[in-house]
Amino acid sequence: MKKLNTLAFLTLGAAAFAQTPDPEITAAAEAIEDQVIEWRHDIHEHPELSNREFETAAKIAEHLKSLGIEVETKVAKTGVVGILKGDYPGKVVALRADIDALPVTERNDLPFKSEVVSTFMGEETGVMHACGHDTHIAILMGTAQILAENTDKIHGTVKFIFQPAEEGAPPGEEGGAALMIKEGVLKSPDVDAIFGLHINSATPVGTIAYKPGGTMAAVERFVVKIQGKQTHGSQPWGGVDPIYIAAKIIDGFQSIISRESNLLVEPAVITVGKISGGVRFNIIPETAELVGTVRTLDPDMRELIIRRMTEMSEGLAKAYGGSATIEFQSNTAITYNDLTLTEQMLPTLKNVAGEDHVKLVKATTGGEDFSYYQEEVPGLFFFLGGMAPGNTEAYPHHTPDFQIDDDGLLLGVKTMSQLTLDYLNAK
Ligand SMILES: [Zn+2]
Ligand SMILES: [Zn+2]
């Protein structure tokens with residue numbers, strides 16, 4: 001029966017295959033739904049901070065091993081990578097789940113509420129899966145189980161990437177997607193495409209939201225150091241005022257957005273979040289500093305804005321008699337959904353979730369380190385509904401009241417499993 005299906009699909013080709021979610025896969029996902037929810041509760045109750053996901057990683061590795069999946073641990077410190085070979089040769093697809101929690105003290109009254117306390121940057125804090133990465137882990141563990149039990153449906157190889165430190169490694173440490181790539185997670189076997197999802201507390205259960213192209217922003221942190229010349233506050237002509245220059249630079253930055261960026265292509269944001277300089281009212285200080293962030297969704301706009309911010313800082317400081325340097329630090333790249341891959345996989349999303357439950361959405365100015373994988377290989381990152389039906393108050397991610405409804409997980413398992421099969425079996 002299974003062999004016959006395989007032959008049938010080979011004859012019919014990709015388009016025909018993608019028309020229907022495999023009923024056996026759907027049934028398998030439904031059969032393990034309770035187990036997936038149980039995993040999620042356990043992980044939610046035992047959250048671990050970025051680069052400290054030791055117990056979480058151990059649980060994941062144990063599960064993958066029990067399925068007969070080849071497992072590598074301690075990738076990018078605490079990451080787990082599983083490799084599952086299908087019964088037939090083919091491409092390599094990677095599925096990624098991030099596994100870290102946040103320094104947030106949970107305020108929800110749940111039977112699986114987190115009571116964990118840890119230390120973050122020298123301070124005691126509660127720890128909570130306040131971004132929903134607990135659901136990502138459970139969904140990918142469930143997907144691994146389904147695919148491991150159906151290798152006769154797989155043409156190619158599946159790489160399960162359980163990635164630490166999506167929220168950012170502690171200061172002074174490397175981590176996250178960038179480190180996983182550096183350690184070769186996309187190599188041997190070389191990954192052809194990657195899929196990832198993020199649960200969303202404000203999207204109703206049963207809904208998938210997606211956007212082709214730039215879907216989450218590149219996040220840059222910048223520091224502008226302005227050098228002036230100190231003088232008495234009553235005699236500004238005796239020096240160079242770095243605070244005045246700071247004001248001109250802030251003004252110049254916003255003109256890059258309002259006068260130079262084609263906002264019809266994508267939105268972009270420059271925010272100066274911190275300004276410092278000076279000690280008292282009657283001294284014009286020697287230096288001033290601006291610290292802020294840039295958010296972009298289009299690679300060309302990103303390049304333009306960074307170049308112009310550099311020219312503005314240096315040029316304006318010079319025009320007013322001082323000097324300035326600017327440094328950028330990239331926190332994430334653009335979460336850029338490959339246009340061809342998105343178009344190819346959209347029928348799968350619609351077939352699994354139902355046409356009416358797949359929403360084309362606007363980009364967000366938040367960032368996601370899944371973007372680094374997408375700089376290397378074509379990738380698709382989409383959002384999965386986690387808001388309980390009838391809920392009118394969805395608390396944002398990263399807050400103590402953040403909640404995800406368990407009913408959202410099943411669609412995640414179905415979608416990840418079917419995306420894998422449809423992608424691998426397409427040609
Ligand atoms: Zn987050
Ligand atoms: Zn997140």
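Indexing begins at 1, ligand by ligand and atom by atom, following the structure's order. Throughout, residue positions are numbered sequentially from 1 according to the sequence presented.
At least one donor-acceptor pair under 3.5 Å links the side chain of Ser313 to the backbone N or O of Met309.
Here the angle at the Zn ion (ligand 2) defined by SG in Cys131 and NE2 in His133 stands at 100°, rounded to 10 degrees.
With no hydrogens or angles considered, a side-chain donor-acceptor pair links Gln374 and Asn337 at under 3.5 Å. A side-chain donor from one of Thr56 and Glu48 sits under 3.5 Å from a side-chain acceptor of the other.
Sorting the N, O or S atoms of His398 by how far they are from the Zn ion (ligand 1) puts NE2 first. The Zn ion (ligand 1) lies closest to atom OE2 when only the N/O/S atoms of Glu167 are considered.
Residue contact annotation: Glu166 places no N/O/S atom under 2.8 Å from the Zn ion (ligand 1). Residue side and main chain included, His397 places no N/O/S atom under 2.8 Å of the Zn ion (ligand 2).
A salt bridge links Glu173 and Arg52; the closest N-O separation between the charged side-chain nitrogens and carboxylate oxygens is under 4.0 Å.
Classified by interplanar angle (parallel below 30°, tilted 30° to 60°, perpendicular above 60°), the ring pair His136/His198 is perpendicular.
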